Amino acid sequence: MIHHIIRFTVKPGVSNEQLDELLSSLGRQATEVPTVASVHVGRVHGERHTWGANFVLRDLDAYWEFITHPAHLETDKIGWPLLDDFTMFDIVEDTDPTIGEAISALHERRLREIPELSDVVAPPRNARQKQA
């Protein structure tokens with residue numbers, strides 16, 4: 001299993017309606033993306049980020065379907081312009097030391113195969129991406 005975790009804060013001036021739309025879009029991925037086993041969306045406590053989501057995915061094939069699914073792409077369009085600070089990481093039950101590289105390769109492939117994302121998926125000024 002792969003736990004794909006994001007944590008973020010939104011820019012000053014983001015309305016409650018915009019935030020609600022983003023959080024709803026994140027949550028809908030549990031029902032719209034067949035490979036998402038579960039998702040939890042909510043407030044983050046104990047660190048600098050205020051919001052987060054944890055997506056549970058079966059394997060790398062499920063991960064690929066998740067990050068290329070229209071529901072995920074819609075969340076990208078809604079969310080990226082609102083983000084001020086963002087961290088993404090993965091916790092993987094598989095002990096294969098190359099899985100982090102495989103996940104990074106999926107993200108790179110996604111940007112190559114869906115070039116219009118380069119205009120949407122621009123990391124906020126404080127963005128970090130890690131695989132664990």
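For clarity, every value in this text was computed on a predicted model and none was experimentally measured. FYI, the numbering just counts along the sequence from 1.
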Do the rings of Phe66 and Phe55 sit parallel, tilted or perpendicular, given the 30° and 60° boundaries?
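Aromatic pair Phe66/Phe55 classed tilted.
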
Would you call the rings of His4 and Tyr63 parallel, tilted or perpendicular, taking 30° and 60° as the class edges?
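Ring orientation of His4 relative to Tyr63: perpendicular.
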
Run the numbers on Arg110 and Asp76 for side-chain contact (heavy atoms from CB on, under 4.5 Å), then give the verdict.
CA-CA 12 Å; Arg110 180 174 95 116; Asp76 284 336; 2.7 Å; yes

Is the backbone of [Y] close enough, under 3.5 Å, to the side chain of [X] for a donor and an acceptor to pair up by distance?
{"X": "Ser25", "Y": "Glu21", "result": "no"}
{"X": "Ser15", "Y": "Gln18", "result": "yes"}
{"X": "Arg7", "Y": "Val44", "result": "no"}

Quick one: closest heavy-atom pair of Leu57 and Thr35, and the distance?
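Looking at all heavy atoms of both residues, the shortest contact is CD2-O, 3.6 Å.
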
For a quick test of reading the model, state the closest non-hydrogen atom pair linking Leu60 to Ile103 and the distance between them.
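What the structure gives for the nearest pair is CD2-CG1, 3.7 Å.
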
In Å and rounded to the nearest 0.5 Å, what is the [atom1] to [atom2] distance from [X] to [Y]?
{"X": "Glu65", "Y": "Arg58", "atom1": "CD", "atom2": "CZ", "value": "8.0 Å"}
{"X": "Thr9", "Y": "Glu47", "atom1": "OG1", "atom2": "CD", "value": "9.5 Å"}
{"X": "Lys11", "Y": "Asp85", "atom1": "NZ", "atom2": "CG", "value": "12.0 Å"}
{"X": "Leu23", "Y": "Ile78", "atom1": "CG", "atom2": "CD1", "value": "10.5 Å"}

Please lay out, stage by stage, how Ile67 and Arg109 fare under the test side-chain contact (heavy atoms from CB on, under 4.5 Å).
CA-CA 10 Å; Ile67 65 173; Arg109 177 180 165 200; over 6 Å; no

Could you go step by step and tell me if Val39 and Val33 meet the side-chain contact (heavy atoms from CB on, under 4.5 Å) rule?
CA-CA 11 Å; Val39 64; Val33 183; over 6 Å; no

